[in-house]
Amino acid sequence: MGFRMRFPTAPVLPIIAVLFAGLALAQAARADAPPPAGKPFLRIVVIDHSPPFSNRDADGLLVGFNIDFGRELCRSLDVACSFDAAPFKQIIDDVAAGRYDIGFGNVLRTPDREQRLLFSIPYWRSSTSLVGRRGMPELGLEDAVRSRRIAAIRGSRQHAALLRLADADPALQANVVPVLTLEDLWEAMRSGQSDMAIGPTLNVVHFLLSDSGDGFETIGTPMSEDGLGGTVHIVFPPGRQALKESVDRALTALRNDGTYQRINRNYFPFDIY
């Protein structure tokens, strides 16, 4: 597929790329079974079009890491669950308003979000990467936003970081290109609406390993400072402390019995926890 990851560990990345390419296509659980009667019911929402965490198959059914793990979580809790998908920012708003019981939104814990949501214990770790066309010079984030148009998902920590940098110089506002979904992020680069994109590293890697990512590569190294990385959490509406504690116990049990690791291996050649 011709992509090149410009990380410091470049000598081992061809091996990782081959493994990732095969594992990312592993079979995922289909969220199409009707819920059994007579059990408590939970409404779960995941990010729409965020492979390999969540996506839709040819029949329009939700598949991916978060779907597989969510189904195992529901099994462990002995509850029936429905799965829906929404853009990232809508997940935060809908869970905060109680329209869903659980959000698998790949959400980083921040003080402003803690005012609106309850957070599980961590279930994986995130970082952020810039991506652009192959051959683009290495750029840090501040230099990039000064000289390039950069697409970011509206409401994400990556979008917030760009806005902070642009606030220091109003002329830079035009270089921030907000989009709604992950697919919109890549399309902004392909169409020329933006020169670069910024997003979670694991989503960036998945894009670069796809046919759509041919001709693109990471620019610089992954970032985790200033809110651009850290632990990722499942989120709950305020006041659902008992549900949060039950999910925390179930998540720990699924790690201890190897279920989490089994699902992890279906999508990633390394432990993302």
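The main-chain N or O of A197 is never found under 3.5 Å from a side-chain atom of S194 such that the two would form a donor-acceptor pair. Of the possible donor and acceptor atoms, one in the side chain of R149 sits under 3.5 Å from a partner among the backbone N and O of G192. A side-chain donor-acceptor contact under 3.5 Å links S120 to the backbone of I234. Between the side chain of R109 and the backbone N or O of H233, no donor-acceptor pair lies under 3.5 Å. Not one N or O on the side chain of N256 forms a donor-acceptor pair closer than 3.5 Å with the backbone of A253. Judged by distance alone, with hydrogens and angles left aside, the side-chain atoms of D101 form a donor-acceptor pair with the main-chain N or O of R43 at under 3.5 Å. The backbone N or O of H49 lies less than 3.5 Å from no partner atom in the side chain of E183, so there is not a single donor-acceptor pair. A donor-acceptor pair is defined here as one N or O able to donate and one able to accept, closer than 3.5 Å; no such pair exists between the side chain of D59 and the backbone of L61. A donor-acceptor distance shorter than 3.5 angstrom exists from the side chain of D248 to the backbone of I121, with no hydrogens or angles considered. Judged by distance alone, the side chain of T128 and the main-chain N or O of L228 form a donor-acceptor pair under 3.5 Å.
Side-chain contact between F88 and L182: absent, with no pair of heavy atoms (C-beta onward) separated by less than 4.5 Å. Considering only heavy atoms from C-beta on, V145 stays 4.5 Å or farther from L141 through its side chain. A 4.5 Å side-chain heavy-atom check between R125 and V232 finds every atom pair outside the cut-off. Using a 4.5 Å heavy-atom threshold, the side chains of V235 and K244 count as separate. By the 4.5 Å heavy-atom criterion applied to side chains, V204 and W186 are counted as neighbours. When side chains are defined from C-beta on, I153 does not count as touching L180, because their heavy atoms never get closer than 4.5 Å. With contacts defined as side-chain heavy-atom distances shorter than 4.5 Å, the pair I44/C74 qualifies. In this structure, the side chains of I150 and V176 stay at 4.5 Å or more apart for every pair of heavy atoms.
Y123 and N66 form a side-chain donor-acceptor contact under 3.5 Å, judged by distance and modelled atom types alone. Side-chain polar atoms of S127 and T201 form a donor-acceptor pair below 3.5 angstrom. Under the 3.5 Å distance criterion, with hydrogens and angles disregarded, no donor-acceptor pair is assigned to the side chains of N203 and N106. Side-chain atoms of Q173 and D167 form a donor-acceptor pair, as typed in the model, at a separation below 3.5 Å.
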Check the pair N175 / D195 against side-chain hydrogen bond (donor to acceptor under 3.5 Å, both in side chains), numbers first and verdict last. CA-CA 9 Å; N175 284 350; D195 305 303; over 6 Å; no
Would R99 and D93 count as a salt bridge (Lys or Arg N to Asp or Glu O under 4.0 Å) if you check the C-alpha gap in whole Å, the side-chain angles of each, and the deciding distance to 0.1 Å? CA-CA 9 Å; R99 287 188 282 272; D93 293 341; over 6 Å; no
Could you walk me through whether D271 and Y260 pass side-chain hydrogen bond (donor to acceptor under 3.5 Å, both in side chains), step by step? CA-CA 10 Å; D271 189 353; Y260 179 99; 5.0 Å; no
Go through it in stages, so that I can follow the logic: the residues are E72 and R262, the test is salt bridge (Lys or Arg N to Asp or Glu O under 4.0 Å), and I'd like the CA-CA distance, side-chain angles, deciding distance and then a yes or no. CA-CA 11 Å; E72 288 293 340; R262 172 178 56 78; 3.4 Å; yes
As a quick check of understanding, evaluate side-chain hydrogen bond (donor to acceptor under 3.5 Å, both in side chains) for R249 and S246, giving each step before the final call. CA-CA 5 Å; R249 289 191 294 270; S246 295; 3.3 Å; yes
As a quick check of understanding, evaluate salt bridge (Lys or Arg N to Asp or Glu O under 4.0 Å) for D143 and R148, giving each step before the final call. CA-CA 8 Å; D143 289 335; R148 301 288 193 278; over 6 Å; no
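Ring geometry for F53 against F268 counts as tilted: the plane angle lies between 30° and 60°, on a 0 to 90° scale. Using cut-offs of 30° and 60° on the angle between ring planes, the pair F216 and F207 is tilted.
Of the inter-residue distances, the one linking F65 atom CZ with N264 atom CG reads 5.5 Å to the nearest 0.5 angstrom. F104 contributes atom CZ, which lies 12.0 Å from atom CD1 of I47 (distance to the nearest 0.5 angstrom). The CD atom of Q158 sits 9.5 Å away from the CG atom of L130 when rounded to the nearest 0.5 Å.
Aromatic pair F236/Y100: centroids not less than 6.0 angstrom apart.
Linking ILVMFWY residues whenever their side-chain heavy atoms come closer than 4.5 Å, directly or via other members, places L163 and M196 in the same cluster.
By the 6.0 Å and 45° rule, R255 stacks over the aromatic ring of Y273.
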